[in-house]
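Working notes, beginning with the structure itself.
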Amino acid sequence: MKVKTADFRVQPGKKVNLKQRPTYVEPAYTSKEHHKELLDEHVAQLSALQQLLYASNHYAVLLIFQAMDAAGKDSAIKHVMSGVNPQGCQVFSFKHPSAEELQHDFLWRATRNLPERGRIGIFNRSQYEEVLIVRVHPEILRSEGLPDASHHGETVWRDRYRSIVGLEKHLSRNGTCIIKFYLHLSKEEQRKRFLARIDEPGKNWKFSMADIQERQYWKQYMKAYEECLSATSTSMAPWYVVPADDKGSAQLIVSRIILDTLEGLKMTYPKPDAARRRELVAIRKELQR
């Protein structure tokens, strides 16, 4: 199977029904060796594009990963970005907000960690948690210190969608290329991966009773994701629903989407002007003495 990235993109204005979106697709690889070969090709291309991104210095890139537990976010980030220069890449994991973060609006901790031009920023979870886990567990919203009128009814989620989309439009207009991934995992595959975390001592640390408790809210999470993806996928900051039951396929799909997006920016290396060429000639003469 050739990876066709458009198949996974959420078109703006389209209602998302995750039951109609696959969690598994036919792999683009035939063996572990073939997968490594394909992924290595993607990683090498991404490394070259990152260098071009830095040299051209016109764009920043923001990759956002959202998913249910055990969907493979860490694995995708680790493998896809393995060839990227660490100096040009920043990874931020969004956990429970700190006391300081709770004193600010819900977008504050996202905006303070945005990548500068020439760099790739990765959000492992993101500001979208505020319309996902907070929607499933509204008691979190009540603990955020908002005015009473700010967390009544369904309007709070529509308002937050508008705030997020508004921020992303602003960032896009100012040179930040945003790509958003929802790794779509089936409940059965999550169960298998949780069992593997118990059976393998090296993975025990990844698992807690809280993970099991969250499985009870699977339907609520799916509904929250469907509404979020439908409301916030735009031409400037699209969502991609990536089948995640097979980690190898997910990695190839994610890497292909990133490559296609970066190639679409039509970046070029800076061309030296006359003064710069004269300077280079002078440097050459100095080195040849």
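One-based numbering along the sequence shown.
Taking 4.0 Å as the cut-off between side-chain N and carboxylate O, R125 and D69 count as a salt-bridged pair. By the 4.0 Å N-to-carboxylate-O rule, E188 lies close enough to R191 to be salt-bridged with it. The residues R162 and D159 are annotated as salt-bridged, a charged nitrogen and a carboxylate oxygen being separated by less than 4.0 angstrom. Between R256 and D260 there is a salt bridge, with a side-chain nitrogen of the basic residue lying less than 4.0 Å from a carboxylate oxygen of the acidic one. Using a 4.0 Å cut-off between a side-chain N of Lys or Arg and a carboxylate O of Asp or Glu, R109 and E100 do not qualify as a salt bridge. Using a 4.0 Å cut-off between charged side-chain N and carboxylate O, E101 and R112 make a salt bridge. Electrostatic pairing of E116 and R119 counts as a salt bridge here, judged by a charged N lying under 4.0 Å from a carboxylate O.
The backbone N or O of A237 lies less than 3.5 Å from a partner atom in the side chain of K180, making a donor-acceptor pair. Between the side chain of D211 and the main chain of S208, a donor-acceptor pair closer than 3.5 Å is present. The backbone N or O of W218 sits nowhere less than 3.5 Å from a side-chain atom of K223 that would complete a donor-acceptor pair. Although no hydrogens or angles enter the test, the distance criterion places no donor-acceptor pair under 3.5 Å between the side chain of Q66 and the main chain of F181. Judged by distance alone, the side chain of H79 and the main-chain N or O of S75 form a donor-acceptor pair under 3.5 Å. Remark: side-chain polar atoms of S233 are not paired, donor with acceptor, to backbone N or O of L229 under 3.5 angstrom. Of the possible polar contacts, none joining the S249 side chain to the D246 backbone as a donor-acceptor pair under 3.5 Å is found. Without hydrogens or angle criteria, R21 side chain to V241 main chain gives no donor-acceptor distance under 3.5 Å. The backbone N or O of S172 sits nowhere less than 3.5 Å from a side-chain atom of T176 that would complete a donor-acceptor pair.
Ring-centre distance between Y240 and F8: not below the 6.0 Å cut-off. Taking the ring centroids of Y29 and H35, they lie under the 6.0 Å cut-off. When ring centroids are compared, Y128 and W239 come within the 6.0 Å threshold.
The two residues T232 and E168 make their nearest non-hydrogen contact at O-OE1, 4.0 Å. Heavy-atom minimum distance, Q251 versus A76: CG-CA, 4.1 Å. Across all their heavy atoms, A244 and A71 have their closest contact at CB-O, 3.7 Å. Between A70 and F194, the closest heavy-atom pair is CB-CE2, 3.8 Å. The heavy-atom pair separating W157 from L141 by the smallest distance is CH2-CD2, 4.2 Å.
Judged as a ring-ring contact (aromatic ring centres under 6.0 Å, His included), and not counting sequence neighbours, the contacts of F94 are F123. Remark: E286 pairs with R289 by the salt bridge (Lys or Arg N to Asp or Glu O under 4.0 Å) rule, at least two apart or across chains.
Between D273 and R277 the shortest side-chain heavy-atom distance does not fall below 4.5 Å. Between F65 and D74 there is no side-chain heavy-atom pair separated by less than 4.5 Å. At least one side-chain heavy atom of V16 sits less than 4.5 Å from a side-chain heavy atom of L18. Looking at heavy atoms from C-beta onward, R197 lies out of side-chain contact with K192 at the 4.5 angstrom threshold. Within the 4.5 Å cutoff, side-chain heavy atoms of Q190 are placed close to those of R215. E226 has its side chain within reach of N17: a pair of non-hydrogen atoms, C-beta onward, lies under 4.5 Å apart. L252 has its side chain within reach of L39: a pair of non-hydrogen atoms, C-beta onward, lies under 4.5 Å apart. Side chains of T261 and C177 form a contact here, defined as non-hydrogen atoms less than 4.5 Å apart.
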Does the side-chain contact (heavy atoms from CB on, under 4.5 Å) test come out yes or no for L287 and R284, once each step is laid out? CA-CA 5 Å; L287 291 172; R284 176 182 289 276; 5.8 Å; no
Give the intermediate values and the outcome of side-chain hydrogen bond (donor to acceptor under 3.5 Å, both in side chains) for residues E214 and H137. CA-CA 10 Å; E214 286 302 286; H137 297 285; 3.0 Å; yes
Output, in order, the C-alpha distance, side-chain angles, deciding distance and verdict of side-chain contact (heavy atoms from CB on, under 4.5 Å) for F92 and S126. CA-CA 8 Å; F92 297 98; S126 67; over 6 Å; no
Walk me through whether I178 and M236 qualify under side-chain contact (heavy atoms from CB on, under 4.5 Å). CA-CA 7 Å; I178 304 170; M236 290 184 285; over 6 Å; no
side-chain contact (heavy atoms from CB on, under 4.5 Å) evaluation trace for M81 with V91: CA-CA 10 Å; M81 309 305 293; V91 182; over 6 Å; no
Taking distance alone, no hydrogens or angles, what donor-acceptor pairs closer than 3.5 Å link side-chain atoms of residues 42-64 to residues at least two apart or in another chain?
unit_1 : atom_1 : unit_2 : atom_2 : d
H42    : ND1    : S255   : OG     : 2.6
Q45    : NE2    : E41    : O      : 3.4
S47    : OG     : G83    : O      : 3.3
Q50    : OE1    : N85    : N      : 2.9
Q50    : NE2    : N85    : O      : 3.1
S56    : OG     : L52    : O      : 3.0
S56    : OG     : L53    : O      : 3.2

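Under the 4.5 Å side-chain heavy-atom criterion for grouping Ile, Leu, Val, Met, Phe, Trp and Tyr, V165 is not connected to Y225 through any hydrophobic cluster. Both L146 and V131 are members of a single hydrophobic cluster when ILVMFWY side chains are connected at heavy-atom separations under 4.5 Å. One hydrophobic cluster, built from ILVMFWY side chains closer than 4.5 Å, cannot hold both I140 and L102; they sit in different ones. By the criterion of side-chain heavy atoms lying less than 4.5 angstrom apart, applied directly or through intervening Ile, Leu, Val, Met, Phe, Trp or Tyr residues, L185 is not grouped with Y24; the two fall into different hydrophobic clusters. Residues L195 and I212 fall into different hydrophobic clusters, defined by Ile, Leu, Val, Met, Phe, Trp and Tyr side chains chained together at heavy-atom separations under 4.5 Å.
Remark: I258 CD1 to E263 CD distance equals 11.5 Å, nearest 0.5 Å. Considering CG of L132 and CD of Q127, their distance stands at 10.5 Å, rounded to 0.5 Å. With rounding to the nearest 0.5 Å, the separation of CD1 in I120 from SG in C89 is 5.5 Å.
Using a 30° and 60° split on the angle between ring planes, Y182 and H184 fall in the tilted class, from 30° to 60°.
When the shell of 6.0 Å around NZ of K169 is examined, it contains 12 or fewer heavy atoms from other residues, nucleotides or ligands. Summarising the local packing, NZ of K187 is surrounded by more than 12 heavy atoms from other residues, nucleotides or ligands at distances under 6.0 Å.
Only one option out of I257, V254, I122 pairs with V80 in a side-chain contact (heavy atoms from CB on, under 4.5 Å); it is V254. For the salt bridge (charged side-chain N to carboxylate O under 4.0 Å, His left out) test with E227, the passing option among R135, R158, R160 is R135; the others fail.
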